[in-house]
Amino acid sequence: MGTIYQAVFLKEMISFGYSYKIIASETGLPVRKLIKLYGNLENIGFCLFSKPGKTPSGATLIRNLQLKTQASLAMNIYFSLVKDSIYHSVNSRKLAISFYMYQALCQENEISSMFNINELWYLAQELRDGQALIERCEQCEFNYFQSIHQRMQADCPFCNQVS
């Protein structure tokens, strides 16, 4: 890793619950090294929130109107923190803050949160890579998440408006 900043960043990402694939992408550390680190952490009783799996996308994450609404809610929170930089990079710290705010909002409204931190990172990655946008509905004037990979007919999940 090298610097104290990188070590703190790695610790933060692990404690936020990011998967080792995402941490490798963000830090440049080799996946093998992270797998070994995760194994060592599990051996000493550190609770890891993520397990390896397939890389999700808008197609696999947004399968119905409820999921699109939740993605829009979470990504709107993230967008409010990072503004237009959402299209240039993934800010892992602010995404984690957004995730906790999203979970709190879901709990407060007695709604099950649908996404974990890793799934939100992949949605944010789609925004960064130009495969998704935060759009504004002309009908209801709410912002919503729009992935080029999703299989939904409705664009706006709040009023079911189709462009």
Side-chain angles (χ1 to χ4, degrees), residues 10 12-32 34-35 37-39 42 47-82 84-107 109-137 140 142-163:
L10 175 62
E12 281 181 352
M13 290 196 74
I14 291 171
S15 65
F16 288 148
Y18 285 108
S19 72
Y20 63 78
K21 289 179 183 178
I22 293 172
I23 294 172
S25 171
E26 291 285 311
T27 63
L29 285 171
V31 171
R32 282 186 181 177
L34 289 167
I35 291 171
L37 174 62
Y38 268 54
E42 283 181 323
C47 179
L48 299 171
F49 299 105
S50 61
K51 299 292 180 201
K54 291 185 178 179
T55 302
S57 70
T60 57
L61 293 173
I62 302 174
R63 299 178 310 276
N64 59 44
L65 193 59
Q66 185 179 16
L67 289 167
K68 179 158 180 155
T69 304
Q70 292 249 340
S72 295
L73 173 64
M75 289 294 101
N76 268 309
I77 294 168
Y78 178 54
F79 181 69
S80 71
L81 295 176
V82 297
D84 287 334
S85 69
I86 201 168
Y87 299 113
H88 306 293
S89 64
V90 176
N91 185 319
S92 300
R93 286 186 180 117
K94 288 188 178 176
L95 185 61
I97 292 167
S98 302
F99 173 66
Y100 295 128
M101 291 171 73
Y102 159 72
Q103 281 188 316
L105 192 59
C106 288
Q107 286 175 349
N109 291 290
E110 298 178 3
I111 303 168
S112 302
S113 57
M114 301 289 191
F115 296 108
N116 64 42
I117 187 77
N118 296 299
E119 292 165 332
L120 293 183
W121 188 89
Y122 285 109
L123 294 177
Q125 181 188 38
E126 282 194 0
L127 287 163
R128 179 198 67 201
D129 295 346
Q131 297 176 355
L133 294 169
I134 299 293
E135 302 255 10
R136 185 152 189 89
C137 179
C140 69
F142 283 117
N143 291 341
Y144 61 92
F145 179 83
Q146 181 77 357
S147 171
I148 63 170
H149 301 291
Q150 71 189 30
R151 301 176 196 159
M152 297 282 308
Q153 290 297 331
D155 288 331
C156 178
F158 304 109
C159 70
N160 294 325
Q161 183 69 23
V162 178
S163 301

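Because the structure is predicted, anything quoted here is derived from the model rather than measured. We count residues from 1, following the sequence as given.
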Worksheet entry | Side chain to side chain, F16 and Y100, heavy atoms closer than 4.5 Å |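 A side-chain contact exists here, since the closest heavy-atom pair is under 4.5 Å.
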
Worksheet entry | Contact check, side chains of I77 and K94, non-hydrogen atoms, under 4.5 Å |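 Not in contact.
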
Worksheet item: Can you name the residues that form a side-chain contact (heavy atoms from CB on, under 4.5 Å) with Q66, not counting sequence neighbours?
Response: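 Partners of Q66 under the side-chain contact (heavy atoms from CB on, under 4.5 Å) test: N64, M114.
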
Discussion item. For a side chain to side chain contact (heavy atoms under 4.5 Å, CB included) check, start with the C-alpha distance between L10 and L37, then their side-chain angles and the critical distance, and finish with the verdict.
Written reply: CA-CA 11 Å; L10 175 62; L37 174 62; 3.9 Å; yes

Rounded to the nearest 0.5 Å, what separates atom [atom1] in [X] from atom [atom2] in [Y]?
| X | Y | atom1 | atom2 | value |
| --- | --- | --- | --- | --- |
| I111 | Y102 | CD1 | OH | 9.0 Å |
| L73 | Q70 | CG | CD | 6.5 Å |
| L123 | R128 | CG | CZ | 12.5 Å |
| L95 | W121 | CG | CH2 | 9.5 Å |
| L133 | E126 | CG | CD | 10.5 Å |
| Q107 | S113 | CD | OG | 7.0 Å |

Worksheet item: Do other residues, nucleotides or ligands put more than 12 heavy atoms under 6.0 Å from the CZ atom of F142?
Response: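 Atom CZ in F142 is not crowded, with 12 or fewer foreign heavy atoms closer than 6.0 Å.
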
For the residue pair [X] and [Y], what are the closest heavy atoms and their distance?
| X | Y | result |
| --- | --- | --- |
| F158 | Y144 | CE1-CB, 4.1 Å |
| V31 | A24 | CG2-CB, 3.7 Å |
| N109 | L105 | ND2-O, 2.9 Å |
| N118 | S19 | OD1-N, 2.6 Å |
| I62 | A71 | CD1-CB, 4.1 Å |
| G58 | S147 | CA-OG, 3.6 Å |

Distance-only, no hydrogens or angles: does the [X] side chain make a donor-acceptor pair with backbone N or O of [Y] under 3.5 Å?
| X | Y | answer |
| --- | --- | --- |
| S72 | F145 | yes |
| S25 | K21 | no |
| N76 | N143 | yes |
| D129 | Q131 | no |
| E26 | I23 | no |
| K68 | D155 | yes |
| Y78 | N91 | yes |

Worksheet item: So S98 and L120, side chain to side chain contact (heavy atoms under 4.5 Å, CB included) or not? Walk me through it.
Response: CA-CA 9 Å; S98 302; L120 293 183; 6.0 Å; no

Fill in: Verdict with reasoning, Y20 to L29, per side chain to side chain contact (heavy atoms under 4.5 Å, CB included)
CA-CA 9 Å; Y20 63 78; L29 285 171; over 6 Å; no

Item to complete: Under the side chain to side chain contact (heavy atoms under 4.5 Å, CB included) rule, what do I35 and R32 come out as? Steps first, then yes or no, please.
Response: CA-CA 5 Å; I35 291 171; R32 282 186 181 177; 5.6 Å; no

Fill in: Polar contact flag, side-chain donor to acceptor under 3.5 angstrom, E12-Y18
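Note: E12 and Y18 side chains miss the donor-acceptor criterion.
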
